[in-house]
Amino acid sequence: MRVSGKTKIAGVMGWPISHSRSPLLHGYWLREYGIDGSYLPFPVEPANLKVALRALPILGISGTNLTVPHKEAALEICDRVDKTAWRIGAVNTVIVEQDGTLSGSNTDAFGFIENLKSESNWHVKDGPVVVLGAGGAARAVVAALVNHGVTEIRILNRTLDRASALAATFGENCCAAKLTDANDALKGAVLLVNTTTLGMIGQPPLELSIETLPRGATVNDIVYAPLQTNLLRVAAARGNPVVDGLGMLLHQARPGFAAWFGVEPKVTKSLRNTILEDLNA
Ligand code: ATR
C-alpha cells in the first residue's frame with residue numbers, strides 16, 4: 001500500500017527484531033480492512049529504548065509493541081501503565097496519546113483468555129487451574145486467571161521459589177508446588193496450562209505424566225512453535241480437549257491494532273493459516 005503523510009504508523013521494538021511475526025500479523029489486518037497504515041519492525045538496542053519511545057510522538061507514530069528485551073524496562077519509561085501490566089511486570093503495547101504522552105499496557109493476559117474462550121468450553125467457575133511455569137509468560141497467564149475470578153490456581157515450577165514468589169504476588173487463590181509434584185496437583189483440575197519453554201523448538205520436551213488429570217480438563221500449551229507439542233499430543237490422545245498457543249499470539253495483538261488504526265480486528269482461520277505458513281517456512 002502507498003505511504004503518505006496521512007498514513008498511520010505503528011510497529012514493534014525488539015533486539016533482535018527480525019524473528020517477530022507482528023509485522024506479518026498487523027500487515028494482514030491492514031490489508032484485510034483496507035487501512036491507510038503501516039506496521040514496522042524497529043530494531044532498538046536496550047540502551048536506546050527510552051530515546052526510541054520518546055521519539056514516537058515526535059515522529060507522529062501512533063504507538064508500538066514491545067518484545068524481548070524491552071517489556072520490563074518500559075514500565076519505568078511510560079507516563080502511565082495499567083494495573084495488569086504492573087502486576088505482570090511487563091509492558092507489550094504502548095499507545096501515543098493525543099497530548100504526546102505514552103500509555104503502557106500488557107495484552108498477553110487478554111490474548112490468553114480470548115484464545116481459551118474462543119477455542120474451548122472452559123468456564124472460569126468450573127474449578128481449579130494448574131499453571132506450569134513461573135516466568136514472564138506464567139505471570140501473564142496467572143494475572144488473566146485471577147482477573148477472571150478463578151478461585152484456585154496451582155502454580156507448578158521446577159524452581160519452587162519462583163512459583164512461591166509468583167503465588168505470593170497474585171494472592172490467596174494461588175498456591176505453589178514443584179513440577180515433580182504434578183501428580184497430586186493435577187487431580188480435580190479443569191484446566192492445565194503450560195507456560196514453560198519446554199516443548200518449544202530447540203528446547204527439551206515437557207515430559208509430564210498427566211494420568212491424574214481428569215479427562216474432561218482442557219489442556220492449553222502457550223507454545224506455538226511447534227503448534228502440536230508433546231503435551232497436546234498426549235492430552236488429545238487420552239481425550240482431553242486441547243488448545244494450542246497460536247491463538248494467544250493472535251489475540252494479544254488486537255487491542256494495539258484497534259488503538260493505533262481505529263478498527264477492531266478479527267482473528268480468523270485465514271489469518272491463522274497465514275501465520276502458520278510463515279512459522280512452517
Ligand atoms: P518466559 O518469560 O518466556 O516465561 P522464563 O522467564 O525464562 O521465560 O521462564 C521459563 C519457564 O520455563 C520457567 O518456569 C522455567 O523454570 P525455572 O523457573 O525453574 O527456571 C521453565 N523451564 C525452562 N527450562 C526448563 C527445564 N529444563 N525444566 C523445567 N522447567 C524449565
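Both counts, for ligands and for their atoms, begin at 1 and track the order of listing. Everything numeric here is computed off the predicted structure, so don't read it as measured data.
- Legend: ring pair (Phe, Tyr, Trp, His ring centres under 6.0 Å) pairs involving residues 104-140, not counting sequence neighbours: none detected.
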Query raised in the report: Given N220 and N194, is the side-chain hydrogen bond (donor to acceptor under 3.5 Å, both in side chains) satisfied, shown in steps?
Result: CA-CA 6 Å; N220 175 208; N194 174 47; over 6 Å; no

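- At the top of the distance list for atom 4 (O) of ligand 1, counting protein heavy atoms only, stands A137 N, 3.0 Å.
- Among all non-hydrogen protein atoms, the one lying nearest atom 6 (O) of ligand 1 is G135 CA, 3.3 Å.
- Under a cut-off of 6.0 angstrom, the local environment of CG in N121 is sparse, with at most 12 non-hydrogen atoms contributed by other residues, nucleotides or ligands.
- Within the 4.0 angstrom cut-off, atom 28 (N) of ligand 1 has one or more protein heavy-atom neighbours.
- Considering only non-hydrogen protein atoms, atom 20 (O) of ligand 1 sits nearest to R158 NH2, 2.8 Å.
- Pairs of residues two or more places apart, or lying in two chains, that qualify as ring pair (Phe, Tyr, Trp, His ring centres under 6.0 Å) and include a residue from residues 249-281 are H26-F257, H26-W260, W29-F257, F257-F261.
- Nearest protein heavy-atom neighbour of atom 23 (C) of ligand 1: T197 OG1, 3.2 Å.
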Requested in this report: Go through D181 and R154 one step at a time and tell me if the salt bridge (Lys or Arg N to Asp or Glu O under 4.0 Å) criterion holds.
Outcome: CA-CA 11 Å; D181 293 333; R154 304 167 181 167; over 6 Å; no

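- For atom 14 (O) of ligand 1, the closest non-hydrogen atom on the protein side is N157 OD1, 2.7 Å.
- Summary of contacts: the protein heavy atom closest to atom 19 (O) of ligand 1 is T159 OG1, 2.4 Å.
- Among protein heavy atoms, atom 2 (O) of ligand 1 sits closest to G136 N, 3.1 Å.
- Scanning all protein heavy atoms for the shortest distance to atom 11 (C) of ligand 1 gives T196 CA, 4.0 Å.
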